[in-house]
Amino acid sequence: MAQDDEFTFAPLGGVGEIGMNLSIYGFGNRRQRAWLAVDLGVSFGDEEHLPGIDTIMPDISFLVKERKNLVGLVLTHAHEDHFGAIIDLWPKLKCPVYATKFSAALFEAKCASERNPPKIPVTVVPSGGRIELGPFGVEFIPVAHSIPESHALAIHTAAGVALHTGDWKLDPTPVTGPPTDERRLRELGDAGVLALIGDSTNAVRDGRSPSETEVAKTITELVKAAKGRVAVTTFASNVARLRAVADAARLSGREVVVVGRAMERVVQVARETGYLDGVQSFRGPDLYGHFPPDKVLALCTGSQGEPRAALSRIANDDHPQVTLNKGDCVIFSSRTIPGNEKAVGSIINGLITQGIEVITDRTHLVHVSGHPRRDELKDMIGWVRPQLLIPVHGEALHLFEHAKLARSVGVPKVLICRNGDLVKLGPSEPGIIEELPSGRLYKDGNILEDSKSRAVVERRRMAFAGCAFVAIAVDEKGELADDPEIDLIGIPEKNMAGEVIDEIVFDAVVSTVEGLPRVRRRDPDALAESVRRTVRAAVNEQWGKKPLCFVHVLTV
């Protein structure tokens with residue numbers, strides 16, 4: 001190792017937030033480093049604050065600049081918050097992509113469902129395998145999570161080893177796949193681990209996450225006890241849960257009908273990769289109505305209240321093939337992601353109003369998290385015994401609690417960083433040494449916008465305070481050639497006194513134009529700015545909000 005070579009880490013997404021994961025590891029000196037990217041995910045738009053924005057992605061401008069030094073992108077697993085941005089952002093990077101069999105197959109199926117996706121080659125790595133990428137040796141260590149083939153990554157360099165946990169939990173009895181590989185993690189700890197970069201999602205929760213096997217048992221009991229039709233909604237990617245639902249249906253003499261494209265896609269990939277071996281064939285929604293109520297179970301997308309997903313359409317009696325009636329039962333085998341509470345609550349209330357029984361994890365063990373609680377975090381730290389711990393994958397509270405726990409069990413050095421912080425892991429004293437460009441990109445239809453883009457900023461303002469359009473025609477003397485045209489969108493028709501706001505704004509525009517010196521009236525830009533200020537002030541006086549305002553001046 002050269003004298004000044006450093007092993008570094010920087011999150012470009014996924015720290016201080018849950019979602020949009022992108023981590024990079026560097027090796028080299030301050031003039032030139034090789035870079036390894038881990039995961040490239042999305043988070044989802046919030047209609048209240050980001051109207052019209054579908055997904056949010058990390059800003060990869062730093063990696064684009066360093067593209068010639070980027071040795072590869074390695075995926076820990078195939079959840080959207082870890083691989084959902086690849087199709088949109090890979091064309092800017094064009095680096096090799098590495099994933100295990102299930103993740104690669106699910107990514108291929110995701111690409112196939114897109115219109116004109118880029119051709120992205122993915123190299124398949126065996127679970128437990130190791131690849132050499134420039135100065136990095138990357139070892140895939142199996143961990144339990146809520147999707148098959150989740151892996152922690154042991155990143156080996158001449159300066160030491162970093163363990164990037166990805167998403168994980170300790171489940172001694174997972175329904176699919178092996179438990180977290182305790183033996184290999186202990187071996188790494190015995191050999192010496194420089195840094196543990198770890199999942200903080202459940203760092204505020206005491207104890208241990210229950211097992212998937214316990215959830216499977218509860219679902220079987222509920223399905224057996226049901227008298228009418230049963231619908232189960234869960235995250236489509238949770239293959240263990242799909243298997244548990246299928247087993248519950250088989251033991252209850254019910255046929256499984258799969259409803260929703262995302263669910264169909266995962267089922268197909270899980271069958272192709274062996275994760276549904278031995279599970280009965282599922283039926284399409286066209287056969288749903290052919291089975292008696294006590295002989296059918298609908299496995300549906302829509303656990304997060306998505307308006308066009310299967311469950312939402314069923315709840316609104318808007319699905320062409322699948323219906324539910326009074327006395328039927330819906331099981332939400334999922335947790336509500338923060339921000340989706342209103343949408344999910346609306347569906348639940350709608351179902352209950354129709355006399356349909358709704359079962360959630362508030363009353364029954366129908367869902368468990370795929371992330372470690374505090375006792376599991378302590379186990380991981382005890383096995384790995386890192387010199388440094390960096391909490392990631394969590395909001396500020398989760399990071400703080402993970403760091404506090406690490407200090408309490410004797411981790412020598414604990415460091416909380418933010419997106420964009422470049423952290424020296426080794427050799428010698430670790431710490432933040434630089435700030436890299438970081439930020440957010442918004443997927444708006446089929447266009448990628450940065451967070452400062454006009455469309456994003458103005459649409460947010462428009463959603464809050466409406467928009468006013470004003471067209472004015474003036475002659476060469478600066479006199480009004482005709483009445484101004486005014487169009488108010490998203491603004492109340494009348495004020496508190498019942499007066500028409502359009503008329504008030506019209507009068508304000510006319511008096512402003514007529515009150516301006518003739519020289520300003522002949523200057524289209526100066527006239528437009530004066531009218532814009534007047535309109536915003538007039539609407540604010542009547543309504544208490546300042547709208548966006550666009551003024552077009554026509555000289556005749």
Side-chain angles (χ1 to χ4, degrees), residues 18-21 39 41-44 55 75-84 102-103 105-107 109-110 113 143-150 166-169 171 174-177 199 201-202 209-212 214-216 218-219 231-246 248 256 258-270 273 275-276 279 282 297-312 314 330-341 343-344 347-348 358-362 364-371 393:
I18 294 176
M20 206 181 79
N21 293 283
D39 292 334
V42 299
S43 55
F44 294 95
T55 51
L75 304 185
T76 59
H77 65 290
H79 273 148
E80 285 294 311
D81 62 326
H82 290 259
F83 90 147
F102 180 84
S103 298
L106 196 55
F107 181 67
K110 179 181 167 73
S113 70
V143 293
H145 185 45
S146 52
I147 190 172
E149 295 183 19
S150 293
D167 293 0
W168 66 281
K169 67 181 284 190
D171 188 341
V175 172
T176 58
D199 178 358
T201 312
N202 278 342
S209 294
S211 171
E212 276 292 336
E214 295 175 55
V215 173
T218 305
I219 290 174
V232 180
T233 184
T234 188
F235 297 104
S237 59
N238 194 333
V239 175
R241 202 70 53 79
L242 307 191
R243 188 174 191 115
V245 171
V256 177
V258 177
V259 196
R261 278 182 305 218
M263 196 74 77
E264 290 167 4
R265 188 163 71 211
V266 174
V267 166
Q268 181 186 342
V269 170
T273 50
Y275 286 99
L276 289 178
V279 172
F282 297 159
L297 182 150
L299 186 53
C300 306
T301 56
S303 66
Q304 299 307 306
E306 303 93 327
R308 298 308 299 160
L311 186 63
S312 179
I314 294 166
V330 175
I331 300 171
F332 277 78
S333 184
S334 56
R335 70 177 173 88
T336 303
I337 294 170
N340 294 342
E341 294 90 351
V344 173
I347 289 176
I348 289 174
V358 176
I359 295 169
T360 72
D361 64 348
R362 280 176 282 195
H364 294 76
L365 185 60
V366 290
H367 177 70
V368 289
S369 172
H371 301 271
H393 204 288

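Computed from a prediction, not measured in an experiment: that's the story for all the values here.
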Is there a donor-acceptor pair closer than 3.5 Å between any side-chain N or O of [X] and the backbone N or O of [Y]?
{"X": "Asn21", "Y": "Asp81", "value": "yes"}
{"X": "Ser103", "Y": "His77", "value": "no"}
{"X": "Asp171", "Y": "Glu212", "value": "yes"}
{"X": "Thr301", "Y": "Met263", "value": "no"}
{"X": "Ser237", "Y": "His79", "value": "no"}
{"X": "Lys169", "Y": "Pro210", "value": "yes"}
{"X": "His82", "Y": "Asp39", "value": "no"}

Taking only distance into account, with no hydrogens and no angle test, what donor-acceptor pairs under 3.5 Å do side-chain atoms of residues 303-310 form with protein atoms, sequence neighbours excluded?
| unit_1 | atom_1 | unit_2 | atom_2 | d |
| --- | --- | --- | --- | --- |
| Gln304 | OE1 | Ile337 | N | 2.8 |
| Gln304 | OE1 | Asn340 | ND2 | 3.2 |
| Gln304 | NE2 | Arg335 | O | 2.8 |
| Glu306 | OE1 | Gln304 | N | 3.1 |

Side-chain heavy atoms of [X] within contact of [Y], under 4.5 Å:
{"X": "Thr201", "Y": "Ser369", "result": "no"}
{"X": "Val215", "Y": "His367", "result": "no"}
{"X": "Arg243", "Y": "Thr176", "result": "yes"}
{"X": "Leu106", "Y": "Ile147", "result": "yes"}
{"X": "Val266", "Y": "Val239", "result": "yes"}
{"X": "Leu311", "Y": "Ile347", "result": "yes"}
{"X": "Asn202", "Y": "Ser209", "result": "yes"}

Closest approach of [X] and [Y], non-hydrogen atoms and distance?
{"X": "Thr273", "Y": "Ala105", "result": "CG2-CB, 4.1 Å"}
{"X": "Cys300", "Y": "Ala231", "result": "SG-CB, 4.3 Å"}
{"X": "Phe83", "Y": "Ala78", "result": "CE2-O, 3.3 Å"}
{"X": "Ala248", "Y": "Ile219", "result": "CB-CG2, 3.9 Å"}
{"X": "Pro174", "Y": "Ser211", "result": "N-OG, 4.5 Å"}
{"X": "His145", "Y": "Ser150", "result": "CB-OG, 3.2 Å"}

Say you draw a straight line from [atom1] of [X] to [atom2] of [Y]; how long is it, rounded to the nearest 0.5 Å?
{"X": "Ser334", "Y": "Asp361", "atom1": "OG", "atom2": "CG", "value": "7.5 Å"}
{"X": "Thr360", "Y": "Ile331", "atom1": "OG1", "atom2": "CD1", "value": "11.0 Å"}
{"X": "Thr218", "Y": "His364", "atom1": "OG1", "atom2": "NE2", "value": "8.0 Å"}

Residues at least two apart in sequence or cross-chain that pass ring-ring contact (aromatic ring centres under 6.0 Å, His included) with Phe332, listed by chain then number, are none

Point to revise | Check: Ser113/Arg265 side-chain N/O donor and acceptor closer than 3.5 Å | key: yes

Apply side chain to side chain contact (heavy atoms under 4.5 Å, CB included) to the pair Arg241 and Val232, showing each step before the final yes or no.
CA-CA 10 Å; Arg241 202 70 53 79; Val232 180; over 6 Å; no

Q | side chain to side chain contact (heavy atoms under 4.5 Å, CB included) between Thr234 and Val245, intermediate numbers included | A | CA-CA 10 Å; Thr234 188; Val245 171; 5.7 Å; no

